[in-house]
Structure formats: C-alpha cells, structure tokens
Amino acid sequence: MPNLYTNLEIPQLKISLKQPLGLFINNEFCPSSDGETIETVNPTTGEPITSFQAANETDVDKAVKAARAAFENVWSKTSSEQRGIYLSNLLKLIEEEKDTLAAIETLDAGKPFHSNAKEDLTQILQLTRYFAGSVDKFNKGSTIPLTFEKFAYTLKVPFGVVAQIVPWNYPLAMACWKLQGALAAGNTVIIKPAENTSLSLLYFATLIKKAGFPPGVVNVLPGHGSVAGQALGTHMDIDKISFTGSTKVGGSVMEASGQSNLKDVTLECGGKSPAIVFEDADLDKAIDWIAAGIFYNSGQNCTANSRVYVQSSIYDKFVKKFKEIAKKDWDVSGKFDPFDEKCIIGPVISSAQYDRIKEFIELGEKEEKLNMFQTSEFPTKKTKGYFIPPTIFTDVPQTSKLLQEEIFGPVLVVSKFENYDDAMKLANDTYYGLASAVFTRDVKKAHMFARDIKAGTVWINSSNDEDVTVPFGGFKMSGIGRELGQSGVDTYLQTKAVHVNLSFDN
Ligand SMILES: NC(=O)C1=CN([C@@H]2O[C@H](COP(=O)(O)OP(=O)(O)OC[C@H]3O[C@@H](n4cnc5c(N)ncnc54)[C@H](O)[C@@H]3O)[C@@H](O)[C@H]2O)C=CC1
Ligand code: BAL
C-alpha cells in the first residue's frame, strides 16, 4: 500500500501538517488503480517536496460513479438550507486552517506567504461566505402566464455531476471559485488540481469531510491533464465541465465534450489585457495599479494588465516613473524566501514556465531588439528558485510577439497612442478579451471605454481588484461563461420549463 499521507514541516512558520497524498473519493483517500504518482517540486528551491497519487481513466470512472450515486441518492434530496449549513461549516474550518492552507500554497506554488498566499485565503473566505448565503437565493425560477387555461413555470435545477479542472496560478482560490458555486447550486463534483500544485486542494479535502459533506459529493482527483483531465472531458456520465487554464487546452476540453456527451462547458482561458493611460490620469496612482496588475503573483495572472498604452504627451514621464516604481516596490533581488515578509515577488511555478518566460524576454531583447529594462539581473547565482526580475519593454510595436501573446510572467510591454480612437483600436487588436483597465479623470471617456472595449471586465482607475460578488469571465478567446457573483451559481444551474394545462378535465 503506498503512502497516502506525509508529514510536512514549515519551520519558518513553525507549522507541521499531515499532508494527504491520495485520490479523494467518497470522503476517503485512496491509491490510484495503477500506482502512478506525480512528484511535486518547490519552485523556491527546485527541490522535490513529495509525490502524490495520479488518477487515470479507471479512477475517473470510480469517482464519477461515487459522484453520481451521491447526487441521485443524497445530494439532490438535501435541502438548500442544509447545503448552506455544510458550506458554513466549511467556512469555519477554512478560517481555523487558513495559515496552514496559505503555507501549503507558499511551499508548493512559491506564493509570498504574507501577501499573495494570505490574500488568496482572504478571497476564499469571502467567496465561501457569499456562496453559503446564496443557496436559497439564486435558484429561483419564474412563472409565465400563457392563456386563460395555461401557464408555465421554470425550475432552476443543478446539472448533476460536474467536473472541474483548475490551474496552478491560484491553486486553491481557482478551485474554490468553482467548487463552492457548484455545491451551492446542488451539484456533486469531481475536481482536478494542476499537476504542480495539488497539495492545497488535497489538504482542503480533509475539511470537506470534517464539514459534514456526505461521501461522494466532493471528489478530488489529482492527475495529469492528458490522462485524468482528458478522461473527465470525454466521460459520458459527467453533465458539465468547468475549466480554467490555457486557451489551447480550453479548446480541447470543448472538443472532448463535443466528441462525447455534449456536456455543458464553462471556460476561463488566457488573456492579454490592456491598460490605457490618458494624459489626464492621476499618473502616480495609475502606475501603482499597473505595476501591481502585472507583477503581483509574478505576473501569473490571467487578468494581468500585460499591455500598457500611454498617451504620447505623457509617455516619457510614465516610462521613467514606472521604472522607478518597479525597481523600488517590485524588485526580486536578495529576497528569495517567500515565507519572509520582505519577499514581494515569488518564483514562477516551474522550470518549464521559467524557460518559457525567459525565451520571451530573449526574443524581445535579442531578436526584436526592443528597449528593455529589468529591475535587476536574473539572480541565477544566488538562488536555484525560478525567480524572474520584473521586465519592462518600451516602444513595443503592435506586431511584436511580446505584445500579442500571453507571457504569464512579470513582463510588461508599453506602447504609445495619440487619441481615443487610436487607443481603442490598439486595445481591441487581440484574440483575447478577458480584462481591461482605463486611467482618466474624464468620466465620459472612462465610460466610453467601458462601452467600446471588448473584454469581460473593465476597471476604471484601478486594475485587477476583482471582487467575489462581481461576475468574471472572458470575451473572444478568453473563455465562455462567467464565474463569481450570482453567475458563479447560475453557471451550475439549468432551466427546466414546466407547462401547466388547466383545461384538463378530471
Ligand atoms: N487562465 C489562467 O488562469 C491560466 C492560463 N495559463 C496559460 O497556459 C500556459 C501554459 O500553462 P499550462 O500549465 O500548460 O496550462 P494548462 O492549460 O495545460 O493547465 C491547466 C489545467 O489543465 C489541465 N490539462 C492539461 N491538459 C489537459 C487536457 N488535455 N484535458 C483536460 N485538462 C488538461 C492541467 O492538468 C491543469 O489542471 C501559461 O503560460 C498561461 O499562458 C495557465 C494556467 C492558468
Ligand atoms: N485573478 C484570478 C484569476 C486568474 O488569474 O485565473
């Protein structure tokens, strides 16, 4: 029998914890059917942390059977009030264990503990509170008068068995965006974390059981995307799938649905979100927001404002000040322990992502010969971690690969525009449409921007300060459907129409 638990020590916080390593099915941790495991690496050191069980097609099938039985026999008959009680129990347990959960994120994903990791947990608490309170509010149908002898009503009903696939940039937060909403709506769930950040969700599974959720309601299946993820996408008894990750894999999830049972699909995919700075903006505040919007979480953020367009009259001033702030507030050098309060930018998630981002930087510097500024050199001699210095390219042409493609690292491209029409043309010139930001004191211009930009989120005089009560999702190739807010429950409900004929003669 393989090890289904290991002890993890986090000396910086004096935390020791019992880390589950198995697949979580029917409220129990179990081994994978073929013994396959995945090693997870600490991105701060490049050293392995531990290995956990990896689900295959057989395990996916087992979890689907558990989720189906739980839905048909228990969960679909559980009152919405009781679902809310389970979610409230969960909220209390997350509150009690928030430091441990944040510490696992720091260890496994490299998130600076005192900022990113703790802030993820703050958001998870907010959204759990929100969804716990939503159970009897967002699932209401309506009545539709038809004729003197006929009317219809609609019921909002859960899909049944839902699969969720989440990425590594906000491992537990992205899981909770999906999980709590699906549970509030009354579905049972099979959720797959990313290969490189499965530990926090496995630990979280212990809280699911403690909160009292019946067996089979939540199943956590770590595993390879190409195996477990693919098997979830093609399974014939999964009613809905929700995915967050790259646009490429999002497309293949949709294809898998089309080639199997046409399960409902929600996708949160990539982005190349623009920030527009007009000459009348509060420049200092705009710079602070934009710097946080690209460097926070080491730029591994689907809504990162990775393209900035600045009006030509203030362009030079913006660039000069932006470099100063990047150097002062976001430099990486000398701060390579994400458990230390001084560490503001953690490593990126993996050597693969490190190489990918470095390739983009080298392309910009050497092939495209762009003007480049880095807050410091790559600290390769000082750390084995995957740390990348904040990098700013200026005067970047619209055709540059760096301006068109999602880099998913602390790399900003800056360009200039002349007037409003020019700015909108450049901002909308992308296949993506996830988010956008505009900085101006002119109310009319701000709302014209909100009207004209093709993106699912618009921030006026701020950036990336999402809120759990506000719907989130993308236009164009950034996704399909919405999460958070009322949409976070709606997306897990389908509408049934009931026609009532009063002319029937008893
Ligand atoms: N929108 C977002 O928040 C995210 C965007 N990305 C983008 O994707 C790029 C590459 O990162 P990756 O880790 O390769 O992302 P990915 O899209 O491969 O991974 C995301 C999730 O999808 C799963 N997955 C992979 N292949 C699958 C398949 N065939 N069927 C079902 N699930 C599958 C993975 O196991 C993981 O859980 C990043 O550089 C970034 O540009 C990555 C993560 C999050
Ligand atoms: N800002 C959280 C959403 C994401 O990056 O996927």
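Whatever order the structure lists them in is the order used to number ligands and atoms, beginning at 1.
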K.L.:
If the cut-off is 4.0 Å to any non-hydrogen atom of E406, which atoms of ligand 1 fall inside it?
P.N.:
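Taking each heavy atom of E406 in turn, ligand 1 has 7 (C), 40 (C), 41 (O) under 4.0 Å.
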K.L.:
Classify the ring geometry of W177 against F472: parallel below 30°, tilted from 30° to 60°, perpendicular beyond 60°.
P.N.:
perpendicular
K.L.:
Could you tell me whether K335 atom NZ has more than 12 heavy atoms of other residues or ligands within 6.0 Å of it?
P.N.:
yes
K.L.:
I'd like to know if atom 22 (O) of ligand 1 has any protein heavy atom within a distance of less than 4.0 Å.
P.N.:
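Within 4.0 Å: yes, protein heavy atom nearby.
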K.L.:
Looking at E105 and L172, what are the two nearest heavy atoms and their distance?
P.N.:
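Smallest heavy-atom distance, with atoms named: OE2-N, 2.9 Å.
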K.L.:
Could you tell me which atoms of ligand 1, counted from 1 in the order shown, lie closer than 4.0 angstrom to a heavy atom of K192?
P.N.:
34 (C), 35 (O), 37 (O)
K.L.:
Compare every heavy atom of Q19 with every heavy atom of Y203, then report the nearest pair and how far apart it is.
P.N.:
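Residues Y203 and Q19, closest heavy atoms: N-NE2, 4.0 Å.
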K.L.:
Going by the atom numbers of ligand 1, which of them fall below 4.0 Å from some non-hydrogen atom of Q230?
P.N.:
29 (N), 30 (N), 31 (C)
K.L.:
For ligand 1 and V166, I'd like to know whether there is a polar contact (N/O to N/O, distance under 3.5 Å).
P.N.:
yes
K.L.:
Any chance the rings of F373 and F393 have centres within less than 6.0 Å?
P.N.:
no
K.L.:
In terms of residue, atom name and distance, what is the protein heavy atom nearest to atom 25 (C) of ligand 1?
P.N.:
G225 CA, 3.5 Å
K.L.:
Which residue owns the protein heavy atom closest to atom 44 (C) of ligand 1, what's the atom, and how far is it?
P.N.:
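Ranked first by proximity to atom 44 (C) of ligand 1 is P167 CB, 3.3 Å.
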K.L.:
In ligand 1, which numbered atoms sit nearer than 4.0 Å to a non-hydrogen atom of C302?
P.N.:
1 (N), 2 (C), 3 (O)
K.L.:
Report the nearest protein non-hydrogen atom to atom 31 (C) of ligand 1: residue, atom name, distance rounded to 0.1 Å.
P.N.:
G229 C, 3.3 Å
K.L.:
Would you check if the side chain of T44 reaches a backbone N or O of D337 as a donor-acceptor pair within less than 3.5 Å?
P.N.:
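Answer holds: no.
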K.L.:
I'd like the name of whichever of I165, V249, T244 reaches closest to atom 20 (C) of ligand 1 through any heavy atom.
P.N.:
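Comparing heavy atoms across I165, V249, T244, the nearest one to atom 20 (C) of ligand 1 lies in T244.
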K.L.:
Applying a strict 4.0 Å limit to heavy atoms, is Y170 in contact with ligand 1?
P.N.:
no
K.L.:
Tell me which one of G250, A163, S246 gets a heavy atom nearest to atom 17 (O) of ligand 1.
P.N.:
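Among G250, A163, S246, the closest heavy atom to atom 17 (O) of ligand 1 belongs to S246.
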K.L.:
Would K476 count as a cation-pi partner of Y432, with NZ or CZ less than 6.0 Å from the six-membered ring centre and within 45° of the ring normal?
P.N.:
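No, K476 and Y432 do not form such a contact.
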K.L.:
If you count the atoms of ligand 1 from 1 in the order shown, which ones are under 4.0 Å from a heavy atom of Q353?
P.N.:
10 (C), 11 (O), 38 (C), 39 (O)
K.L.:
Could you go through S436 and S273, starting from their C-alpha distance and side-chain angles, then the distance that decides it, and tell me whether this counts as side chain to side chain donor-acceptor pair (under 3.5 Å)?
P.N.:
CA-CA 5 Å; S436 60; S273 301; over 6 Å; no
K.L.:
Please report which non-hydrogen protein atom sits nearest to atom 1 (N) of ligand 1, along with the residue it belongs to and the distance in Å to one decimal place.
P.N.:
C269 O, 3.1 Å
K.L.:
Does the Lys NZ or Arg CZ of K240 fall within the cation-pi geometry relative to Y492 - under 6.0 Å from the ring centre and within 45° of the axis?
P.N.:
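Geometry flag: set, cation within 6.0 Å and 45°.
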K.L.:
Is atom 14 (O) of ligand 1 less than 4.0 angstrom from some protein heavy atom?
P.N.:
no
K.L.:
Would you kindly check if the NZ (Lys) or CZ (Arg) of K384 is within the cone defined by 45 degrees around the ring axis of F336 and under 6.0 Å from the six-membered ring centre?
P.N.:
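Here K384 fails the 6.0 Å and 45° test against F336.
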K.L.:
Backbone or side chain, does any N or O of N301 fall under 3.5 Å from an N or O of ligand 2?
P.N.:
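Looking only at distances, the answer is yes, because the N/O contact criterion of under 3.5 Å is met.
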K.L.:
Could you tell me whether a side-chain N or O of Q180 sits under 3.5 Å from a main-chain N or O of A175, the two making a donor and an acceptor?
P.N.:
no
K.L.:
Is T244 in polar range of ligand 2, meaning some N or O pair under 3.5 Å apart?
P.N.:
no
K.L.:
Residue-level breakdown please: for A256 versus ligand 1, do any non-hydrogen atoms fall below 4.0 Å on the side chain, on the backbone, on both, or on neither?
P.N.:
neither
K.L.:
I need the contact type for E268 against ligand 2. Using non-hydrogen atoms and a strict under-4.0 Å cut-off, is it side chain, backbone, both or neither?
P.N.:
neither
K.L.:
Does the salt bridge (charged side-chain N to carboxylate O under 4.0 Å, His left out) test come out yes or no for R356 and E359, once each step is laid out?
P.N.:
CA-CA 5 Å; R356 185 174 176 275; E359 268 171 36; over 6 Å; no
K.L.:
Tell me if the CD atom of E405 is crowded by more than 12 foreign heavy atoms within 6.0 Å.
P.N.:
yes
K.L.:
For atom 12 (P) of ligand 1, grab the closest protein heavy atom and report residue, atom and distance to one decimal in Å.
P.N.:
W168 NE1, 3.8 Å
K.L.:
What protein heavy atom is closest to atom 6 (O) of ligand 2, reported as residue, atom name and distance in Å?
P.N.:
C302 SG, 2.8 Å
K.L.:
Would you give the length of the straight line joining atom NZ of K65 to atom CG of N26, rounded to the nearest 0.5 angstrom?
P.N.:
12.5 Å
K.L.:
Looking at atom 4 (C) of ligand 1, what's its closest protein heavy atom, distance included?
P.N.:
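Going by distance alone, atom 4 (C) of ligand 1 is nearest to F408 CZ, 3.5 Å.
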K.L.:
Evaluate side chain to side chain contact (heavy atoms under 4.5 Å, CB included) for Q123 paired with E466, printing each intermediate quantity in order.
P.N.:
CA-CA 10 Å; Q123 188 191 58; E466 67 209 12; 3.0 Å; yes
K.L.:
Mark up the atoms of ligand 2 that fall under 4.0 Å of a heavy atom belonging to N169, in ascending order.
P.N.:
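In order of number, 4 (C), 5 (O), 6 (O).
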K.L.:
Could you check atom 34 (C) of ligand 1 against the protein and tell me its nearest heavy-atom contact, residue, atom and distance included?
P.N.:
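Minimum-distance protein heavy atom for atom 34 (C) of ligand 1 reads E195 OE1, 3.5 Å.
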K.L.:
Hey, is G233 one of the residues with a heavy atom under 4.0 angstrom from ligand 1?
P.N.:
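Distance cut 4.0 Å: G233 fails for ligand 1.
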K.L.:
Backbone, side chain, both or neither: what part of Q300 comes under 4.0 angstrom of ligand 2, heavy atoms only?
P.N.:
neither
K.L.:
When you measure from the heavy atoms of R356 to every atom of ligand 1, does any distance fall below 4.0 Å?
P.N.:
yes
K.L.:
Can you check whether N169 has an N/O within less than 3.5 Å of an N/O in ligand 1?
P.N.:
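N/O-N/O distance below 3.5 Å exists for this pair.
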K.L.:
Looking at R307, E406, M477, Q398, which one forms a side-chain contact (heavy atoms from CB on, under 4.5 Å) with T430?
P.N.:
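Per the side-chain contact (heavy atoms from CB on, under 4.5 Å) rule, the option paired with T430 is R307, out of R307, E406, M477, Q398.
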